[in-house]
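Okay, structure first, notes after.
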Protein chains: 2
Amino acid sequence: MFRGLGRLGHMSAPPLEPSEHRSGALLDHLARRMRLRAESVLAPLGLRPRHLVALTVLRAGGGTSQQALATTLEMDSTNIVGLLNDLEAKQLIERRRSPQDRRRHVVELTDDGAKSLKEAECALASAEDEVLGALGPAERETLYELLRRAATTQVTCTETICGTDTDIDAC
Amino acid sequence: MFRGLGRLGHMSAPPLEPSEHRSGALLDHLARRMRLRAESVLAPLGLRPRHLVALTVLRAGGGTSQQALATTLEMDSTNIVGLLNDLEAKQLIERRRSPQDRRRHVVELTDDGAKSLKEAECALASAEDEVLGALGPAERETLYELLRRAATTQVTCTETICGTDTDIDAC
DNA sequence: TAAATAGTTGGTGCTTCACAGACGATTCCT
DNA sequence: AGGAATCGTCTGTGAAGCACCAACTATTTA
């Protein structure tokens with residue numbers, strides 16, 4: 001049943017005052033509302049929300065290998081292939097063989113990809129207006145910055161040993 | 001193809017400096033990462049992320065009808081039934097006939113439900129630590145507050161006329 | 001040379017979900 | 001009172017996402 005996700009200890013932040021405010025459900029809810037609208041808006045561009053996520057990660061992370069992508073997106077490698085096929089067919093990304101390790105494909109955003117991503121984001125403005133309507137411009141920027149920082153944090157634990165499974169059920 | 005979602009004008013915020021930062025993709029990405037962990041954590045409790053979302057909305061919104069729930073969750077009414085059946089079977093919610101309109105079911109969180117929700121949120125702490133590891137406690141609280149405000153904004157447009165369909169494709 | 005790794009392909013099965021159709025109960029309109 | 005609309009429920013259907021498995025090639029590493 002369990003998905004075998006590496007439980008990473010994250011001992012950097014000692015549990016000082018663990019506020020009971022969990023944003024998980026809210027995150028889920030808002031993401032759903034956003035995705036519903038994004039699908040409609042993105043359909044004319046031949047893109048799906050998932051593609052946008054991949055492109056966004058690609059833009060932020062630069063050229064990465066496919067399995068690195070699979071790690072950060074937390075998707076199965078086999079499903080990454082199809083996703084990248086879509087994007088490559090539209091020439092939004094490029095797969096180059098890595099000179100260092102010719103087994104690797106270095107995935108990179110093309111100029112078209114960057115442009116297309118920008119267009120898509122522009123098209124998403126109205127969707128975001130609906131979902132984040134309660135927030136002012138400055139607040140949205142704050143939200144964006146927080147999300148960006150949380151999202152671009154590498155899950156470095158994938159390769160490390162990470163044997164600290166001290167279950168903290170104190171709460 | 002289109003989902004018939006009421007485009008709400010939101011003319012309160014004039015387009016002053018529409019930052020090109022779209023949080024849609026980031027929201028999606030983080031929600032996915034969170035949900036993957038939440039499923040594992042919530043499984044022992046017999047709950048799924050969707051249930052948590054419903055419970056959270058219920059706690060925030062008090063007793064609402066099922067179709068009101070369907071509106072705020074933006075789910076099909078028929079699927080709401082099954083969702084509520086699950087929660088009612090666990091006695092986390094209660095369906096009472098509305099005295100005003102006996103067709104309506106007033107859905108309310110039970111004490112067990114509130115308790116269970118709290119437990120679940122507690123169990124999600126570790127998951128949130130992994131996903132939001134890059135953010136400090138204060139930042140997480142800020143994030144929570146922003147998400148909460150965005151999420152609890154009623155989509156009042158459902159019933160109103162909302163005839164302002166001035167498509168803003170300036171961008 | 002043998003083993004491990006990166007990517008690809010194809011296939012299977014589970015789960016979610018929107019949507020449609022039908023039904024009983026209830027309310028609203030005239 | 002009679003008819004239409006609404007709320008909730010049940011059932012089924014079909015599409016899509018996704019994890020997982022197995023096999024294969026190309027390449028690197030021990």
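Per chain, numbering begins at 1; letters A, B, ... match sequence-line order.
The His105(B) side chain lies nearest to dG8(D) when the options are dT9(C), dG8(D), dC18(D).
Taking 4.0 Å as the cut-off between side-chain N and carboxylate O, Arg148(B) and Glu145(B) count as a salt-bridged pair. Looking at Glu74(A) and Arg32(B), no side-chain N of the basic residue comes within less than 4.0 Å of a carboxylate O on the acidic one, giving no salt bridge. Between Glu130(A) and Arg33(A) there is no salt bridge, since no side-chain nitrogen of the basic residue lies less than 4.0 Å from a carboxylate oxygen of the acidic one.
Taken together through direct or relayed side-chain contacts under 4.5 Å among Ile, Leu, Val, Met, Phe, Trp and Tyr, Ile93(B) and Val81(B) form parts of separate hydrophobic clusters. Residues Leu84(A) and Leu73(A) share a hydrophobic cluster, clusters being chains of Ile/Leu/Val/Met/Phe/Trp/Tyr side chains in contact below 4.5 Å.
Taking the nucleotide of DNA chain C with the nearest heavy atom to each of Ser65(A) and Arg35(A), the more 5' of the two is matched to Ser65(A). Nearest-nucleotide assignment on DNA chain D puts the 5′-proximal partner with Leu84(B), out of Leu84(B) and Met75(A).
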Output one line per pair: protein atom, nucleotide atom from nucleotides 10-13 of chain C, and distance, for all N/O pairs under 3.5 Å.
none

Please tabulate the protein-to-nucleotide N/O contacts below 3.5 Å involving nucleotides 27-30 of chain C, giving atom names and distances.
from    : atom 1 : to        : atom 2 : distance (Å)
dT27(C) : OP1    : Arg102(B) : N      : 3.0

Filtered N/O pairs between nucleotides 23-25 of chain D and protein, under 3.5 Å:
none

Dump every N/O contact between nucleotides 13-16 of chain D and the protein below 3.5 Å, one line per pair.
from    : atom 1 : to       : atom 2 : distance (Å)
dA16(D) : O3'    : Arg48(A) : NH1    : 3.2

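Counting any heavy atom pair closer than 4.0 Å across all strands shown, Arg32(A) reaches sugar-phosphate atoms only and no base atom.
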What's the verdict on salt bridge (charged side-chain N to carboxylate O under 4.0 Å, His left out) for Asp129(B) and Arg37(B), showing C-alpha distance, side-chain angles and the deciding distance? CA-CA 11 Å; Asp129(B) 278 348; Arg37(B) 289 160 176 77; over 6 Å; no
From CA spacing to verdict: side chain to side chain contact (heavy atoms under 4.5 Å, CB included), Leu45(B), Ser116(B): CA-CA 9 Å; Leu45(B) 302 174; Ser116(B) 206; 5.8 Å; no
Which donor-acceptor pairs under 3.5 Å do the side chains of residues 47-56 of chain A make with protein atoms, sequence neighbours left out?
from     : atom 1 : to       : atom 2 : distance (Å)
His51(A) : ND1    : Arg48(A) : N      : 3.0
His51(A) : NE2    : Asp86(A) : OD2    : 3.1
Thr56(A) : OG1    : Leu52(A) : O      : 2.7

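Taking atom CG of Leu87(A) as the reference point, atom C1' of dG7(C) lies 16 Å away to the nearest angstrom. Going from atom NE2 of His51(B) over to atom P of dT15(C) covers 13 Å, rounded to whole Å. What separates CD of Glu39(A) from C1' of dA18(C) is a distance of 11 Å, to the nearest Å. Counting to the nearest Å, the P atom of dA19(D) and the CD atom of Glu74(A) are 10 Å from each other. Across the protein-nucleic acid pair, Leu83(B) atom CG and dG8(D) atom P stand 14 Å apart, rounded to whole Å. Remark: C1' of dC7(D) and CZ of Arg97(B) are 8 Å apart, rounded to the nearest angstrom. Atom CG in Asp76(A) sits roughly 13 Å away from atom C1' in dT9(C) (whole-Å rounding). If you measure from atom CG of Leu69(B) to atom C1' of dT9(D), you get 16 Å, rounded to the nearest angstrom.
Side-chain nitrogen and oxygen atoms of Arg95(A) include at least one within less than 4.0 Å of the OP1 or OP2 phosphate oxygen of dT8(C). Taking side-chain N and O atoms only, Gln67(A) has a distance below 4.0 Å to OP1 or OP2 of dA6(C).
Counting heavy atoms from C-beta on, the side chains of Arg59(A) and Leu117(A) come closer than 4.5 Å. With contacts defined as side-chain heavy-atom distances shorter than 4.5 Å, the pair Leu27(A)/Leu147(B) qualifies. The closest side-chain heavy-atom distance from Leu69(A) to Leu58(A) is below 4.5 Å.
Between the side chains of Thr110(A) and Asp112(A), not a single donor N or O lies within less than 3.5 Å of an accepting N or O.
Distance check: Glu94(A) CD to His105(A) NE2 gives 11.0 Å after rounding to the nearest 0.5 Å.
Arg95(B) meets the side-chain hydrogen bond (donor to acceptor under 3.5 Å, both in side chains) test with Gln66(B), Asn85(B), Glu88(B); sequence neighbours excluded.
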